[in-house]
Number of protein chains: 2
Amino acid sequence: MKTINLTTQRQAVYDVVREAEDHPTAADVMNRLVERGHSFAYGTVYNSLRYLTEKEMIRELKLGEAASRYDARTDDHQHIVCEICGKVGEVMTPMPEEWMTRVAEETGYEVHEAHIVVEGVCAECRTKRKK
Amino acid sequence: MKTINLTTQRQAVYDVVREAEDHPTAADVMNRLVERGHSFAYGTVYNSLRYLTEKEMIRELKLGEAASRYDARTDDHQHIVCEICGKVGEVMTPMPEEWMTRVAEETGYEVHEAHIVVEGVCAECRTKRKK
DNA sequence: AATAGATTTATACTTATTCTAAATTGAAAT
DNA sequence: ATTTCAATTTAGAATAAGTATAAATCTATT
């Protein structure tokens, strides 16, 4: 049930996401594949990203922009976006378990996970702003 | 600077959102306007929703679906989505200040706010599932 | 080598939203 | 009351992200 079939295309898409320093969108991934000499169909990139997400080799991030971003870190963490330059950072500080429990009590839902997007201003933009 | 110009259209859009029991999308708002006998241009509904959001009379919610939803509650709160039926509930339990502070320390960002979407299963769907 | 299932490709389509240019409205000045 | 000007609305075109489709290709197994 967890057999993974990594075709050339899927492997190449995975490599791009894994080696990215940022959180690329599907379009970013497409561009980087071209830079590396590949030329896959647009749909194949989307299919591969979906496949890799389903196999939990990467994560799909919805940070409130139009396009999803992808992240090769699959351990539990959240994200922070700079309101000025858009830079996305990782947030490793875990959500207190107690908050989740309280939310379950409050809402009557069985709580599975929380997706958090923090907004703020990154160090660089803060420095620039001071001038 | 905070003069608010509520045209007929904007007022009608505001009324729909304010009187909604759920969190309507732009398309939902459009439909409800028609039910009430209005027939505004599609673009006007989007413009009005944007205007009302800018004036902070409503909030735009990005819950990870394709379409934004709108909420007339502008006080600080979060949302929880049922993975099965999609029902959206309000989460009033506040995120501990301490978590925000820790995130600021960790990331070096100046933290403004956190958008949280909790995923889980609502009471109704849980009951149905048991059978 | 033949077959079948999975995958890729190219392209068409869908959905949500924004843009544009012309028409309309409404308030202020004559 | 009429002119004027900016803001707004309208209808429809345009865009962006992603999905669907059908034919072609690849890959593993007989």
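Not measured: the values here are computed from a predicted model. Quick note: numbers below take in every heavy atom, side chains included, and nothing from hydrogens, waters or symmetry partners.
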Novice: Taking any atom closer than 4.0 angstrom to a non-hydrogen atom of chain A, what span of DNA chain C does the protein reach, first nucleotide to last?
Specialist: C/dA6 to C/dT9
Novice: Please determine, by modelled atom types, if B/T93 and A/E106 share a side-chain donor-acceptor pair under 3.5 angstrom.
Specialist: yes
Novice: For B/D28 and B/H23, does a side-chain donor sit closer than 3.5 Å to a side-chain acceptor?
Specialist: no
Novice: Please test A/Y42 against A/M30 for side-chain contact (heavy atoms from CB on, under 4.5 Å), starting from the C-alpha separation and ending with a verdict.
Specialist: CA-CA 7 Å; A/Y42 215 70; A/M30 193 74 208; 3.9 Å; yes
Novice: Can a donor-acceptor pair be found, under 3.5 Å and without considering hydrogens, that links the side chain of B/K55 to the backbone of B/T3?
Specialist: yes
Novice: Between B/R129 and A/E110, is there a side-chain N and carboxylate O pair less than 4.0 Å apart?
Specialist: yes
Novice: Has the side chain of A/R126 got a donor or acceptor atom that lies under 3.5 Å from a matching backbone atom of B/G108?
Specialist: yes
Novice: For nucleotides 5-18 of chain D, give me one character per nucleotide, 5' to 3': B if any protein heavy atom sits under 4.0 Å from the base, S if the only such contacts are to the sugar-phosphate, - if neither.
Specialist: --SSSB------SB
Novice: Not counting sequence neighbours, which residues clear salt bridge (Lys or Arg N to Asp or Glu O under 4.0 Å) with B/K62? List them please.
Specialist: none
